[in-house]
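Structure first, then comments.
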Amino acid sequence: DQQVKQNSPSLSVQEGRISILNCDYTNSMFDYFLWYKKYPAEGPTFLISISSIKDKNEDGRFTVFLNKSAKHLSLHIVPSQPGDSAVYFCAAKGQTSYDKVIFGPGTSLSVIP
Amino acid sequence: DTGVSQDPRHKITKRGQNVTFRCDPISEHNRLYWYRQTLGQGPEFLTYFQNEAQLEKSRLLSDRFSAERPKGSFSTLEIQRTEQGDSAMYLCASSLIPATNEKLFFGSGTQLSVL
């Protein structure tokens, strides 16, 4: 039972255009959402997060949108750069500090120069 | 901040052998996690520690897997009688609880290949 879903295994975008990565979740108890980026042969690195009390969080070129009623979030990268090519993981956790972080299967983003 | 360190980076073993991995978290972090990742999948939770106490272990985890964090600093993950299905990237992450965000800091992982 996959609680965090990323239905697009891969995405290709032209340099300079917008990249939109989508994520859906099933557990209504999730309270905090994170995006991680992973390059080959490295561990995931934190990118951006959002609390359930917000519907948008922005950090430079990266913006995360949360739609709680639809149990959906998305990561927007504008403008996309070739260095953004990586696997992006959506992750979620519950309210308490004892809740673990659950990851989705990832979306591989390729930004074409 | 020296980051999360994992050793070894790669391990090749024969089926039936035991293997042990080490993780050194960021020094002031009290929470330490182990995850496993296979190709095309996201990191799958295995277990986590708060200081030296193991607070949760995935019910999907075989009894062949054991983890320790004896002094609340570094941690080891041991797999006994390895099977080919154990081949994966084993990731360690640490965090500071409580925190203003829930950010995990990951190491580079140990890539296990069971022949």
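Worth saying up front: this structure is predicted, and the values here are computed from it rather than measured. Chain A is the first sequence line, chain B the second, and so forth, proteins listed ahead of strands; every chain is numbered from 1.
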Can you say whether [X] sits under 4.5 Å from chain B via the side chain, the backbone, both, or neither, judging by heavy atoms?
X	answer
A:Y98	both
A:Q2	side chain
A:P44	both

Applying a strict under-4.5 Å side-chain criterion to I, L, V, M, F, W and Y, I'd like to know whether [X] and [Y] cluster together.
X	Y	value
A:I20	A:V13	no
A:I77	A:I48	yes
B:F74	B:V4	no
B:Y35	B:L112	no
B:V114	B:L46	yes

Next item on the list: First locate atom CG of B:L104, then atom CZ of A:F46, and finally report the distance between them rounded to the nearest 0.5 Å.
Entry: 9.5 Å
Margin query: To the nearest 0.5 Å, what is the distance between NZ on A:K38 and CZ on B:F106?
Written below: 10.0 Å
Notebook entry, point to check: Non-hydrogen atoms of chain A under 4.5 Å away: do they reach the side chain of B:Q37, the backbone, both or neither?
Noted result: side chain
Notebook entry, point to check: Where does B:E56 contact chain A at under 4.5 Å (heavy atoms): side chain, backbone, both or neither?
Noted result: side chain
Other residues, nucleotides, ligands: >12 heavy atoms within 6.0 Å of [X] [atom1]:
X	atom1	result
B:L115	CG	yes
B:R64	CZ	yes
B:E68	CD	no
B:K57	NZ	yes

Next item on the list: With chain A as the partner chain, list the residues of residues 82-94 of chain B whose heavy atoms fall under 4.5 Å from it, by residue number, and write 'none' if nothing qualifies.
Entry: B:L91
Suppose a student defines contact as a heavy atom less than 4.5 Å from any heavy atom of chain B. Which residues in [range] would they list?
range	answer
residues 79-95 of chain A	A:F89, A:K93
residues 53-66 of chain A	none
residues 100-112 of chain A	A:K100, A:V101, A:F103, A:G104, A:P105

